[in-house]
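Naming convention: chains lettered A, B, ... in sequence-line order (proteins, then strands); numbering from 1 in each chain.
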Number of protein chains: 2
Amino acid sequence: MTKTDTHMTMRVVNHIRSLIESGGLQPGDRIPPEREFAHKLRISRASLRTGIGYLAAMGVMDVRHGVGTFVADGPPEIGKSSLSLLGALHGFQSWQMFEARRILESELAALAAERGREQHFAALSEEVAEMYATVGNPMEYLIHDIRFHRVIAQASGNPILAALMETITSALYDERRKTAERSRDLKESADLHREIYRAIRSRNAGEARTVMTRHLTMAQSAQDLEAMATQPKNDGHPRKARKRPVEI
Amino acid sequence: MTKTDTHMTMRVVNHIRSLIESGGLQPGDRIPPEREFAHKLRISRASLRTGIGYLAAMGVMDVRHGVGTFVADGPPEIGKSSLSLLGALHGFQSWQMFEARRILESELAALAAERGREQHFAALSEEVAEMYATVGNPMEYLIHDIRFHRVIAQASGNPILAALMETITSALYDERRKTAERSRDLKESADLHREIYRAIRSRNAGEARTVMTRHLTMAQSAQDLEAMATQPKNDGHPRKARKRPVEI
DNA sequence: GGTCCCAGAGAGGTCCGACCACTAGAATAC
DNA sequence: GTATTCTAGTGGTCGGACCTCTCTGGGACC
């Protein structure tokens, strides 16, 4: 156990954690106003806010100015906002993100083939159709592309893997936003998505995995070409921890 | 872009983010004292602390009472502390965590077989030997077990996947701490680890993946047996968002 | 000369109480 | 009935006081 006593922030976190674990607090629920809650916990409002801030940063709480503080609703997010920062910090390479995505999504596709339900197949079919319909509009196309992959993640029946995928892809899109796709590639992309859809619908897990891998490998090399001459990579960390505070 | 102006906390986060991305701040570096830094940014110390707290929650900063605030050093962690909380919140099932782990580690093993270096092989060999030496001591054994998997993650050459694995396994160990393993299973476990090691050393990616999958599948069913009659699962969320604050 | 102990400096942690800013819903005006 | 304005409630920011922890350097002691 981590020290559950001292450290106000941990006191708050553990209090709320136990409320969640006991089921007393469920997604969408609202916690009492800060002043009231702080008084009830016998701590200052500032400390309460520290704890809530911690939970909010982890995606567990949702703080809305002027409205209240709620337990996060919607799909789980695992360190979604932190990945790009951690990436900058530890020098994650673009290919590493692609590799992670390729592995996750391939397995997700295989699982979707095994466990997907009719509703998922229908949604996938719908998105494929939309993709074909928007090959001339990269902006629109991208939306359906994202949705397609998201449906697969849902169909996999494993929310943890889905959340991990979401984390990676959103970080990837941050980098990708600049590289607008050329629409002549989109037809090809749509074809691949259709293949993936068919493999999943026919419950052919191996095929789904294979095609998904192929799709993402192609997507990566396509983007690599566009990027080419980009930022200088800093591989090894020439980190020399400075004890004196950095000049800001 | 998210609103980078208003919201003091985001101002702080973005300021530090840009410092990190520009290389002005590196792992291990120390940021100025709160009072000084706050004054320099023209914000109150409280707001600065909110922002720092946010970054600390994401694992980007490391705040040490009485010492100072540092940019996180050591291996990256992605939402490590949040997963168990998110799990309680979204009703993650134990088998889902195992599945995620199985997938990640299997691929990690395959990658390690392809990219591992001599130093990794040596470390793996060392840990296997230690495992055999401690089959009579589950506590000690576990340490080397964990190290073994961690070395594989490093050898994979993909820190992102390694960090994801670390997140899952640490959440898993939280649950597992109660179920002490019976030492008669450990010999069998050590044998499997040795097989994994051999597959990796001989650069047989497929074999490494297969054996790792087998190992983790066995580990899961072993633990399932021990657990058996546990906590009641709440599958579907009968979530009914309450607008009125919950009674605490 | 080396070792141990302790006070002080410097850093983060907590608290208070006031005031600002936003949101949603009620009251009002048209 | 609809549009506008007001207001209560809630989170956000502030600054400034005081507490607690860590590290370190100087002195007492051996």
statement: When B/Val63, B/Asp62, B/Leu48 are each screened for side chain to side chain contact (heavy atoms under 4.5 Å, CB included) with B/Thr69, the one that passes is B/Val63
query: Checking all strands, does B/Thr50 fall into the base, sugar-phosphate, or nothing category for heavy-atom contacts under 4.0 angstrom?
result: nothing
query: Do A/Ser44 and A/Ser47 have a side chain donor and acceptor closer than 3.5 Å?
result: yes
query: Looking at A/Ser47, does any N or O in its side chain come under 4.0 Å of the phosphate oxygens OP1/OP2 on C/dG13?
result: no
- request: Quickly work out the A/Phe37 CZ to D/dG11 P distance and round it to whole Å.
  value: 11 Å
field: Between CD on residue A/Gln96 and CD1 on residue A/Ile168, distance to nearest 0.5 Å
entry: 10.5 Å
field: Rounded distance [0.5 Å steps], CZ in B/Arg150 versus CG in B/Leu108
entry: 12.5 Å
query: Which of residues 56-64 of chain B have a heavy atom under 4.0 Å from DNA chain D?
result: none
message: Are the side chains of B/Leu86 and A/Ile160 in contact, using a 4.5 Å heavy-atom criterion?
response: no
field: A/Arg35 side chain, from C-beta outward: closest of D/dG11, D/dA17, C/dC16
entry: D/dG11
field: Given D/dT10, C/dG12, D/dG15, the nucleotide with the shortest approach to the side chain of B/Glu34
entry: C/dG12
- prompt: Does a side chain donor of either B/His144 or B/His149 reach within less than 3.5 Å of an acceptor in the other side chain?
  reply: no
message: In whole Å, I'd like the distance from the CZ atom of A/Arg49 to the P atom of D/dC14.
response: 11 Å
Distances for protein N/O vs nucleotides 8-10 of chain C N/O pairs under 3.5 angstrom?
unit_1: C/dG10; atom_1: N2; unit_2: B/Gly66; atom_2: O; d: 3.3

- line: The answer to which of A/Arg42 and A/Arg45 contacts DNA chain C further toward the 5' end, by nearest nucleotide, is A/Arg42
statement: Separation of D/dG11 atom C1' from A/Leu55 atom CG, nearest Å, is 16 Å
Pair A/Arg101-B/Glu107, salt bridge (charged side-chain N to carboxylate O under 4.0 Å, His left out): steps then yes or no: CA-CA 12 Å; A/Arg101 183 187 176 195; B/Glu107 296 300 325; over 6 Å; no
- prompt: With a cut-off of 6.0 Å (strictly less than), are more than 12 heavy atoms of other residues, nucleotides or ligands near CZ of A/Arg117?
  reply: no
field: Atom pair CD1 (A/Ile78) and NZ (B/Lys80), whose distance is rounded to the nearest 0.5 Å
entry: 14.0 Å
- prompt: What is the distance, rounded to the nearest whole Å, between atom NE2 of B/His39 and atom P of D/dG15?
  reply: 10 Å
